[in-house]
Amino acid sequence: MSVRAFSLLGLLGFWFLVAWIAADPLVLPMPQELFSPLWAELKSGELLFHLSRTLIRVIWAFTLAMSLGLALGLVMGLFPHVDRWLDPWLVVFLNLPALVLIVLCYLWIGLNETAAIIAVTLNKIPNVTTIIREGARSLDPNLKAMTQVFRMRKQSVLQHVILPQLAPFIAGAARSGIAVIWKIVLVVEFLGRSNGIGFQIHLYFQLFDVRLVLVYALSFITVMLLVEWLILQPWEKRVRRWRTA
Amino acid sequence: MSVRAFSLLGLLGFWFLVAWIAADPLVLPMPQELFSPLWAELKSGELLFHLSRTLIRVIWAFTLAMSLGLALGLVMGLFPHVDRWLDPWLVVFLNLPALVLIVLCYLWIGLNETAAIIAVTLNKIPNVTTIIREGARSLDPNLKAMTQVFRMRKQSVLQHVILPQLAPFIAGAARSGIAVIWKIVLVVEFLGRSNGIGFQIHLYFQLFDVRLVLVYALSFITVMLLVEWLILQPWEKRVRRWRTA
Amino acid sequence: MISVDVRSKSYGDVPVLQDIQFDVEQGQTVAILGPSGIGKSTLLRLIAGIDPKFEGTVSRPKNMAIVFQEPTLLLWRSVFDNIQLIHPELSESAVREALSEVGLADKADLFPGQLSLGQQRRLSLARGFAGNPDLLIMDEPFVSLDEKTADEMLTLTERLISKTQPATIFVTHDTTEAARLATQILTLDGQPATLKIKETLK
Amino acid sequence: MISVDVRSKSYGDVPVLQDIQFDVEQGQTVAILGPSGIGKSTLLRLIAGIDPKFEGTVSRPKNMAIVFQEPTLLLWRSVFDNIQLIHPELSESAVREALSEVGLADKADLFPGQLSLGQQRRLSLARGFAGNPDLLIMDEPFVSLDEKTADEMLTLTERLISKTQPATIFVTHDTTEAARLATQILTLDGQPATLKIKETLK
Amino acid sequence: QSDLPVIRAAVLKIGTVNWELDTITRNGFDTANGFTLDVQPYADNGATRVALEGGEADVAVADWIWVARQRAAGKDYVFIPYSKAVGGLVVPADSTAQTLADLAGGSIGIAGGPVDKSWLILRAYAQQEYGMDLAAETEQVFGAPPLIFQSGLSGETDGAINFWHFLAKMKSAGMRQLISVEEASVALGLDPEVPLLGYVMKESFIAENPGIAAALYGASRDAKDLLASDDAAWDAIRPMMNANNDAQFEALRTDFRAGIPKPGPVDPSSADKMLQLMAELGGERLVGEATTLPDGLFAAIQ
Ligand SMILES: Nc1ncnc2c1ncn2[C@@H]1O[C@H](COP(=O)(O)OP(=O)(O)OP(=O)(O)O)[C@@H](O)[C@H]1O
Ligand SMILES: Nc1ncnc2c1ncn2[C@@H]1O[C@H](COP(=O)(O)OP(=O)(O)OP(=O)(O)O)[C@@H](O)[C@H]1O
Ligand SMILES: [Mg+2]
Ligand SMILES: [Mg+2]
């Protein structure tokens, strides 16, 4: 806990130093200069409103992309003949520019929430799939043989044999996943939504107001630090207990 | 080989079908409608020029991000006390919006190639780091003990003991890595470069010329399919040989 | 009844097994002997249906249990769960009973990685015995155990066999072990390995 | 000279080892016996310096070799490389010689996963012997081997010991094995385990 | 020749300002006015501003309200007028709406975001004319210009406010202009002759190159005069106009000409009045600390 605090303080100090060297508050303001705009945005309720809209989108897209990506990655990793068929599609969708997918979604589904979430999800699924597929390919064949001979139930195999082995891959995909999703949500928001952190960041970027850009960016980062500390790390600790016991 | 071809044909058929249902060439043109703009861009040399600029950026950023991310991920995964200090920084940089990093890089370093590549690299490093860190945390402790007792040289341990165990994580990070890098390069290009696929895609998006947007997007995807088939998959096959032997 | 008819099994171009035929009745126990690397584990994998790439046929019952040469445990689940999850039909007390039979009663809540190798092997044995299998396959089940523990395990095995009457096939390097448990001893030899001696006891 | 002085070792709250003291001179061989789960492997890990979390001191030479209870091989490198990479000072012919001594001459280019368990254990033995260590630590090195192969391995060990005169510490469950190799036999017993018997032979 | 100062202009590659800049270089208006023009194309407006701020370019294009905001925040930016072209609100051809009041309960697609100047002026106009809070009584859909273009054409939104070259295309595709921003400005008592768009330069650049602002303005006027009077001059720039047909081409040309401001400096009092209105409507979010017209905002151009 105290290491965390110190580490964040160090980051703040680093920022301070860089801002002090840059000495151009319009390009990089000092940390303390964010207080008053932060307070103003908080008081007006703007910050929480936009943050909540973005969070809802992130949560939806994350849940969808992780579950679909996990399923697809497992299937492709476990069944090489399925993989051979789907692999080129995966490469194509993996490398399709976010912009193209987002625009196509907006054009077909309309400028609405569904389109936004689908666009993000489609953007992220291939990412999760590639990582999970690698995990599925490196599962222990001896354990597989064991479950087979003992005719363990599929559901139980998934839950107790496969997923625990995939845990590091899932953790990696989830962590880098939320980050990528949130970055895509930003693009989705500035291209076709009327609210959300991405919308605000783009607005203030157009107005060249670095302070407010940072206020909005950091507000999401704060949420992510909390998610990391309150959800992800405790979960990981529990899942990895057997390694350190 | 033939499966690949059929699979890509299937994708083409899928596109055909969707375009046929949409029946709006402004929104999604038929595949064959791309031929003439493709040919025009090829003949004028535009396509190859912009593609090569983008590729150079992708290659630089990929090499830098993979090697630095790999090193950082290894250190953080292997040394928990370093991890405790750096982890909050990682979360912050992981979730810093691409836009913010890119703009800051451009403002400080200048609107040049160096800034563009640094911006992409900084965006991608945290991603690679998180995935590799998970891998480093799940290394086999018995092998570590073995190398320790036999006093195997550090360099040799890295090359023959650690990296092979990390291979699936590296493959996952590399594959989803190139994809993410190329997506960020697109943003970098439209925010501050005067050439590259991202520049062209954004331009034609503003002009609402979906055909040319697709021509440029697909040209990169083609390159990635080739990289996948000629480099990544053969490499993976060689590295994974011991699993299937 | 289990009937094994392996006409040939190769890895790549290298033939490992050839013309191995035998039957095992319920309640019967077959010991397989042979030098290291001859193909005993390979044969067991064919019998268990883990490796379908061979010429020949094996008829086997559905309800099987296997004790691998290495423990092959779920390292991320507790010792207790390593039995419970594989045999969800067992009550908690039955699982604890199975653990105490192999001397692991006080280790139920540890992870397998916290056991000594001998303890892990006993856990693997307990897992094999727990389901009252119709076919029990064991690959060197009693190594890494001190004499006393090994003897206890042998006694346990005898009890299981006499109680639930499975067909049992096991590999061992120890002829006294073989003699004690087996109704039939098969010895593999040669390259590719064939059944050299087929000795019926009892 | 190796001198071991383990005052106490616990896992969590559970004490495993207590007051274990002995010395081993160059050329001497110590066998450690004791029931499964008593703490033999734990003791070897302390001696080898793998696990520094205990009270006491161990003085050991730099040039050590270990044969773990499980093979612990680099599954992604060939059999040949599994020796060569650990002992880069060996010439190619020396590596091949080491492999042929344990009967793996024709397996040099396979991956360890393509070996039988007994072959993997022999590879692990060859790796341990190859470096001419000053301290050789072995955890049940001769299990999973048929009688003839085990005997060959024992002979090989004897030859190594008489040639390079390492201090040797090994765990076994087999008293005849212990008697054949060891100059001193230590038996662990109790909870926490202490040295119950300290028997000097030869 | 070669000792002439260079002006590096960072512009949106598809921006209409290219038509003028191209005419300048093509006809040598830059060297005639004592400088050479070096055009750097970018794909995004933000990029041009980053280029200016980062010192990679000497001039970019922006509206003066943005410039006022930056100036009030401490930047040494000055404004040189370029165009008074403003947009309007268009509705589908079959729409029954006749005034803004008829859009109540409907949705409006807006390309420039919530602080788009056209949108703000129309809101003020609706308030004045119909006592209607346009923002409250309609649903706003903000989005990228091409998406607003497409959703306007498809009828997904009941009305659309877009950048003027997209508006020209929307009109040529059959959409009807419900009201132009110019009309609304007049009704609000604003001076429609105040050019909203212009070139932005740093004072430090002008200090290093005395007279450079006037020189750029001169070249700009030369180009405008040519484009206003000579249809042939348009043939040269037609390839960069992305007009799909003659109708679009002509609509673009007409609208461009209509956007040419009167020569001469900006009237500060008209500008101030507009700024007040913007400050009132857009709030600090739009104007920042520029609640009154900052001194020296408009460069000396004569
Ligand atoms: N990480 C751990 N956490 C808790 N207990 C442990 C851990 N590792 C080992 N133990 C316990 O310590 C005891 C000694 O284990 P050790 O592996 O040294 O036994 P051993 O004498 O080598 O047995 P075997 O002959 O079966 O290999 C065992 O009872 C085991 O349960
Ligand atoms: N995947 C493989 N590819 C090639 N050869 C293999 C493979 N698996 C096993 N072999 C070879 O097949 C032979 C038989 O192996 P198997 O594991 O069945 O031996 P085993 O009789 O069980 O020996 P042990 O007593 O040492 O366990 C060995 O020589 C081994 O090298
Ligand atoms: Mg075997
Ligand atoms: Mg042990």
Side-chain angles (χ1 to χ4, degrees), chain C residues 11-12 14 16 32-45 68-72 102-104 106-107 109-111 113-123 125 139-153 171-176 178 187-189 191 193, chain D residues 11-12 14 16 32-45 68-72 102-104 106-107 109-111 113-123 125 139-153 171-176 178 187-189 191 193:
Chain C
Y11 288 115
V14 188
V16 178
I32 299 178
L33 274 77
S36 168
I38 195 75
K40 304 179 295 298
S41 300
T42 303
L43 179 58
L44 292 193
R45 292 170 63 87
F68 290 97
Q69 207 167 0
E70 288 176 292
T72 319
V102 296
L104 295 176
D106 56 335
K107 307 278 182 188
D109 298 327
L110 296 183
F111 287 110
Q114 297 175 291
L115 302 181
S116 79
L117 187 61
Q119 290 167 336
Q120 291 185 21
R121 303 187 64 95
R122 281 181 271 154
L123 176 55
L125 267 177
D139 200 345
E140 301 196 61
F142 311 116
V143 300
S144 265
L145 298 176
D146 56 297
E147 254 168 75
K148 184 167 149 281
T149 317
D151 190 71
E152 283 168 21
M153 293 303 111
V171 163
T172 182
H173 287 303
D174 186 333
T175 41
T176 57
T187 307
L188 291 183
D189 206 7
Q191 164 48 294
Chain D
Y11 287 114
V14 188
V16 178
I32 298 177
L33 272 79
S36 168
I38 196 74
K40 304 179 294 298
S41 301
T42 302
L43 179 58
L44 292 192
R45 294 170 63 86
F68 289 98
Q69 208 167 0
E70 288 176 293
T72 319
V102 296
L104 295 176
D106 56 334
K107 306 279 183 189
D109 297 328
L110 295 183
F111 287 111
Q114 297 174 291
L115 301 182
S116 79
L117 188 61
Q119 290 167 335
Q120 290 185 19
R121 302 186 64 94
R122 280 180 273 154
L123 177 54
L125 267 177
D139 200 344
E140 299 196 61
F142 311 118
V143 300
S144 265
L145 298 176
D146 56 297
E147 253 169 73
K148 185 166 148 286
T149 317
D151 190 70
E152 282 168 22
M153 292 303 111
V171 163
T172 181
H173 287 302
D174 186 333
T175 42
T176 57
T187 307
L188 292 184
D189 205 8
Q191 173 33 305

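So that the names make sense, note that chain A is the first sequence line, chain B the second, and so on, each numbered from 1.
For C:Arg122, the part lying under 4.5 angstrom from a heavy atom of chain D is the side chain only. C:Glu140 touches chain D through its side chain: at least one heavy atom from C-beta onward sits under 4.5 Å away, while N, CA, C and O do not. With a 4.5 angstrom heavy-atom cutoff, C:Ser144 touches chain D via backbone and side-chain atoms both. In this structure, chain D has heavy atoms under 4.5 Å from both the backbone and the side chain of C:Ser36.
Taking chain C as the reference chain and counting heavy-atom pairs below 4.5 Å, the highest number among D:Thr149, D:Val143, D:Thr42, D:Leu117 is found for D:Leu117. Interface summary for chain D: among C:Gly37, C:Gly118, C:Ser41, the most heavy-atom pairs under 4.5 angstrom belong to C:Gly37. Contacts with chain C were tallied for D:Arg121, D:Gln114, D:Glu70; D:Glu70 has the most, counting heavy-atom pairs under 4.5 Å.
Counting only distance, with no hydrogens or angles, the side chain of D:Asp146 and the backbone of C:His173 share no donor-acceptor pair below 3.5 Å.
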Test side chain to side chain contact (heavy atoms under 4.5 Å, CB included) applied to D:Thr175 and C:Glu147, step by step: CA-CA 9 Å; D:Thr175 42; C:Glu147 254 168 75; 4.2 Å; yes

